[in-house]
Amino acid sequence: MNELVQRLSQGNHPVEASLRPEKTVAAFKESIDRSYVHIKFTNTKGGTELGVKLDPEASDFNSADFERQTGKVHLVGDLTLNYVKVKCIADIDLKTLAGSGHLEPIEA
């Protein structure tokens with residue numbers, strides 16, 4: 001297995017919502033509404049930014065208040081990283097737009 005995928009699959013790692021041009025809760029909500037978010041694993045060399053197609057059935061937004069910018073979202077989605085199919089799982093705090101996450105390799 002790829003070294004980066006293996007490392008990000010072991011334990012939880014610091015992540016943040018990667019947003020451009022502005023890092024705001026409103027921009028994050030727009031990404032969620034499109035079912036496609038960018039999650040950055042910040043503890044890799046230079047950071048590893050992943051585009052994640054969200055799985056609405058597995059993700060959870062019930063404890064998030066986007067208007068008050070409080071609470072957390074639980075994001076789940078699939079992607080391919082270095083030719084390995086993985087599931088990205090991340091919990092993001094709306095106040096900081098940061099949290100923790102990990103990858104789970106998907107058996108082919």
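Positions are given from 1, in the same order as the sequence printed here.
Applying the ring pair (Phe, Tyr, Trp, His ring centres under 6.0 Å) test to every pair with at least one member in residues 27-63, sequence neighbours left out, gives these pairs: Tyr36-His38. Residue pairs meeting the ring pair (Phe, Tyr, Trp, His ring centres under 6.0 Å) criterion with at least one member in residues 66-89: none, sequence neighbours excluded.
Considering all non-hydrogen atoms of both residues, Pro105 and Val5 come closest at CG-CG1, 4.5 Å. In this structure, Ser31 and Val37 approach most closely via the heavy-atom pair CB-CG1, 3.8 Å. When every heavy atom of Asn2 is checked against every heavy atom of Leu4, the shortest pair comes out as OD1-N, 2.9 Å.
Taken from NE2 in His102 to CD1 in Ile89, the straight-line distance is 4.0 Å, to the nearest 0.5 Å. Once rounded to the nearest 0.5 Å, the distance linking CG of Leu97 with NZ of Lys95 reads 11.5 Å. Considering OG of Ser100 and CG of Asn43, their distance stands at 11.0 Å, rounded to 0.5 Å. Interatomic distance, Asp65 CG to Thr70 OG1, rounded to the nearest 0.5 Å: 4.5 Å. A distance of 12.0 Å separates CD of Glu67 from CG of Leu94, quoted to the nearest 0.5 Å. To the nearest 0.5 angstrom, Asp91 atom CG is 9.0 Å from Asp60 atom CG.
Counting non-hydrogen atoms of other residues, nucleotides and ligands closer than 6.0 Å to NZ of Lys87 gives a total above 12. Around atom NZ of Lys85, no more than 12 heavy atoms belonging to other residues, nucleotides or ligands sit under 6.0 Å away. More than 12 non-hydrogen atoms from other residues, nucleotides or ligands lie less than 6.0 angstrom from CD of Glu3.
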Chi angles and distances behind the side chain to side chain contact (heavy atoms under 4.5 Å, CB included) call for Leu75, Ile92: CA-CA 8 Å; Leu75 305 174; Ile92 304 282; 4.1 Å; yes

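A donor-acceptor pair is defined here as one N or O able to donate and one able to accept, closer than 3.5 Å; such a pair exists between the side chain of His13 and the backbone of Arg7. No donor-acceptor distance shorter than 3.5 angstrom exists from the side chain of Thr42 to the backbone of Gly47, with no hydrogens or angles considered. Ser63 places a side-chain N or O within 3.5 Å of a backbone atom of Lys72 that can act as its donor or acceptor partner.
Linking Ile, Leu, Val, Met, Phe, Trp and Tyr whenever their side-chain heavy atoms come within less than 4.5 Å leaves Leu103 and Val76 in two separate clusters.
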